[in-house]
Amino acid sequence: MDTVARLLERGVDLQAIVGAIVDEVKQALAAERCTLYLVDSAREEIFSRAAHLPELREIRLPIGRGVAGDVAKTGTLANIAAPYDDPRFDRSFDTRTGYRTRSILAAPVIDSGGRVIGVLQALNRVEGVFDADDESAIAQLASDTAAIIERTSLHGELLASDPKRLVDYHYNHIVGASPGMRQLYALVDTAASTMASVLLLGETGTGKSLVARAIHVNGKRADKPFVTLDCTTLPPSLIESELFGHERGAFTGAEKARRGKIEQAHGGTLFIDEIGDLPLTLQAKLLRVVQDHAFERVGGGETLTSDFRLISATHRDLETMVRTDQFRADLYYRVRVLPIVLPPLRERGDDDLTRLAHHFLRIFAKKHDRSVGNFSNAALQRLRQHDWPGNIRELENCIESAVVLAGSGRIEPKHLPLAELTAKKHPAGGLKRTLAEVERDHIAAVLADCDGNQSEAARRLGISRNTLTRKLV
């Protein structure tokens, strides 16, 4: 599954991944149609999200019904040469679609934990019926499919399914199904289909870099470079060289010419993270590049060009910065052709929080070789009571720490490194506090918990040491 592997490396739309799976299986088995059913164990159903089935948007069946449902229930392969003579076959779908099923080959998709998480089903071999070689082929394809799904956030969604809601997924590694996230997905789809400059807005830790990459890898320049410049990790004196490059001898230590981020992004996407921190002296130069795609390296006289798509991000209020002459108005309007606001974690609801917590639990249990199985109800309640001023990045670091501390069994409240100061929602009147005040108190609490170790505090907060130092001033 070479095509699927390439998509997986890019972190593409999950629907594109499962769609590529059924395309490759159909071709490998010389079948007329192929369907990948996924198992929603909490609702005891299987459902199709990827299928050569133009007549129906989705098939949803109880586990045990139909050939695919039986394979999901028994975990055994089925090769049926005469479906209409087999009691497992549900002919109602042929009646609804007008399609005639002549042969069926279906195999369970079983993950490394021995759980049936899906069913691969092929219909109607183009020539003859499915034979023993085809059985071996689909078994291997099902095994490959399981391995692929386990490398995506879809696997966690299937395991954490809830009878109160349908399994939901969109972009790989971006987890959530709240109204705010659904609106975000729609805007990402729109952004990916255009070449417009995008400005991602939102608090620190809301996942702006993940969204930027999702826009790139699902767009027309997906196979071209995705180059990032983080304005918070470099001193102002070095940002110009990083962005525009420099010629040999341009300054002390410049022993050879160096291509900057703008040149590296030619043909692809340039992502400027925290553009609100870009010095005013460089904003005019960036404006020229955005307008004309022309620039000079530091210390050079030759005018160079670069064809790139610009995505920017910031947690700052750029409109206020424009009014106070801290950010150029002309650059602001150039970079915000399509503004996208990422919702803070506290506004996404308990369901998204729970999905994310389980997502990180599985990632870090595997990373640290821990047999942590789940959260206790008390631990989940503690997570839901927290305000998360550091958003998803703070949650991610919290869960990693808890996994390490818990070791095995399940995560309890004592394993969660949450400062008491922000462990509960603010009391009456507390909502009048500014975000800056909440952030400052949280940083102070984390620092105290780290015995003043700024490097460890920065790691827990999910920010750089330089950013932490600046926030402490």
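Both backbone and side-chain heavy atoms feed into the values below; hydrogens, waters and symmetry mates do not.
Here S209 pairs with F271 under the side-chain contact (heavy atoms from CB on, under 4.5 Å) rule; sequence neighbours left out. Under the rule for a salt bridge (charged side-chain N to carboxylate O under 4.0 Å, His left out), the partners of R221 that lie at least two apart in sequence or sit in another chain are D307. By the side-chain contact (heavy atoms from CB on, under 4.5 Å) test, E319 is found to be paired with D317, R323, Y332, residues two or more places apart in sequence or in another chain being considered. Taking the salt bridge (charged side-chain N to carboxylate O under 4.0 Å, His left out) definition, one finds that R96 meets it with nothing, sequence neighbours left out. For A378, the side-chain contact (heavy atoms from CB on, under 4.5 Å) criterion is met by S376, P413, not counting sequence neighbours. Partners of E396 according to the side chain to side chain donor-acceptor pair (under 3.5 Å) rule, which considers only residues two or more places apart in sequence or in another chain, do not exist here. For A28, the side-chain contact (heavy atoms from CB on, under 4.5 Å) partners at least two apart in sequence or on another chain are L141. In terms of the side chain to side chain donor-acceptor pair (under 3.5 Å) criterion, residue partners of D352 (sequence neighbours excluded) are, by chain and number, S178, R348. Every residue meeting the side chain to side chain donor-acceptor pair (under 3.5 Å) condition with E242, not counting sequence neighbours, appears here in chain and number order: R258. Residues satisfying the salt bridge (charged side-chain N to carboxylate O under 4.0 Å, His left out) criterion with E347, sequence neighbours excluded, are absent altogether.
Across all their heavy atoms, V109 and L120 have their closest contact at CG2-N, 4.0 Å. Considering every non-hydrogen atom in both L158 and V39, the closest pair reads CD2-O, 3.5 Å. Shown here for F375 and L361, the closest heavy-atom pair between the two residues is CE1-CD2, 3.7 Å. Taking all atoms of both residues into account, the shortest heavy-atom contact from H386 to P389 is NE2-CD, 4.1 Å. Of all non-hydrogen atoms in T204 and H315, the two that sit nearest each other are OG1-CG, 3.6 Å. Here the shortest heavy-atom pairing between I215 and V188 reads CG1-CG1, 3.9 Å.
Comment: E58 engages R60 in a salt bridge, judged by a side-chain N to carboxylate O separation of less than 4.0 angstrom. Taking a cutoff of 4.0 Å between a charged side-chain nitrogen and a carboxylate oxygen, K414 and E412 do not qualify as a salt bridge.
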Practice item. Just do the side chain to side chain contact (heavy atoms under 4.5 Å, CB included) check on L353 and L395 with the steps written out, would you? Key: CA-CA 9 Å; L353 175 65; L395 174 64; 3.8 Å; yes
Exercise for review: Verify side chain to side chain contact (heavy atoms under 4.5 Å, CB included) between I399 and L383, making sure each step is shown before the conclusion.
Suggested key: CA-CA 10 Å; I399 301 304; L383 291 173; 4.2 Å; yes
Exercise for review: Under the side chain to side chain contact (heavy atoms under 4.5 Å, CB included) rule, what do F327 and I275 come out as? Steps first, then yes or no, please.
Suggested key: CA-CA 10 Å; F327 199 88; I275 193 171; 4.3 Å; yes
Practice item. Decide side chain to side chain contact (heavy atoms under 4.5 Å, CB included) for L184 and V211; before the verdict, give the C-alpha distance in whole Å, the side-chain angles of both, and the deciding distance to 0.1 Å. Key: CA-CA 9 Å; L184 174 65; V211 171; 4.2 Å; yes
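With rounding to the nearest 0.5 Å, the separation of CG in L342 from CG in L187 is 9.5 Å. Between atom CD of residue E274 and atom OG1 of residue T232 there is a gap of 6.0 Å, rounded to the nearest 0.5 Å. In this structure, CD1 on I340 lies 9.0 Å from CG on L201, to the nearest 0.5 angstrom. With rounding to the nearest 0.5 angstrom, the CZ atom of R382 is 15.0 Å from the CG atom of N377. Within the model, atoms CD1 of I117 and CD1 of I110 stand 9.5 Å from one another, a figure rounded to the nearest 0.5 Å. Atom CG of residue D273 and atom CG of residue L229 lie 8.5 Å apart, to the nearest 0.5 angstrom.
Enclosure of atom CD in Q183 is not indicated, since only 12 or fewer non-hydrogen atoms of other residues, nucleotides or ligands lie within 6.0 angstrom.
With contacts defined as side-chain heavy-atom distances shorter than 4.5 Å, the pair Q121/L105 does not qualify. Within the 4.5 Å cutoff, the side chain of C398 has heavy atoms near those of the W388 side chain. Side chains of K220 and R309 form no contact here, defined as non-hydrogen atoms less than 4.5 Å apart. Residues L278 and I239 form a side-chain contact, since some pair of their non-hydrogen atoms from C-beta on lies under 4.5 Å apart. Contact check for L416 versus L405: no side-chain heavy atoms found under the 4.5 Å cut-off. When side chains are defined from C-beta on, H359 counts as touching I363, because their heavy atoms get closer than 4.5 Å. Counting heavy atoms from C-beta outward, I392 and F360 have side chains that approach closer than 4.5 Å. With a 4.5 Å cut-off on side-chain heavy atoms, S103 and L123 do not count as touching.
Using a distance-only test at 3.5 Å, with no hydrogens or angles considered, a donor-acceptor pair links the side chain of D94 to the main chain of T101. In this structure, the side chain of H358 engages the main chain of T354 through a donor-acceptor pair within 3.5 Å. Side chain of S143 to main chain of A139: no donor-acceptor pair is present (N/O by atom type, distance under 3.5 Å, no hydrogens or angles). The main-chain N or O of L345 is found under 3.5 Å from a side-chain atom of N391 such that the two form a donor-acceptor pair. S197 places no side-chain N or O within 3.5 Å of a backbone atom of V335 that could act as its donor or acceptor partner. Of the possible donor and acceptor atoms, none in the side chain of T269 sits under 3.5 Å from a partner among the backbone N and O of A265. For the pair S48 (side chain) and I59 (backbone), a donor-acceptor distance under 3.5 Å is present. E150 places a side-chain N or O within 3.5 Å of a backbone atom of S112 that can act as its donor or acceptor partner.
The ring-ring contact (aromatic ring centres under 6.0 Å, His included) contacts involving residues 192-219 comprise H216-F226, where partners must be two or more places apart or lie in separate chains.
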List the atom pairs, with distances to 0.1 Å, where a side-chain N or O of residues 63-72 and a protein N or O form a donor-acceptor pair under 3.5 Å, not counting sequence neighbours.
residue, atom, partner, partner atom, Å
R65, NE, D90, OD2, 2.7
R65, NH2, D90, OD2, 2.7

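The one candidate from R393, R316, R346 that meets the salt bridge (charged side-chain N to carboxylate O under 4.0 Å, His left out) condition with E203 is R346. Checking each of L310, L318, I311 against L199 for a side chain to side chain contact (heavy atoms under 4.5 Å, CB included) leaves exactly one that passes, namely L318.
Aromatic rings of Y84 and F89 (six-membered ring for Trp) have centroids within the 6.0 Å cut-off, being under it.
Inspection of the D23 and Q27 side chains reveals no N or O donor paired with an N or O acceptor under 3.5 Å.
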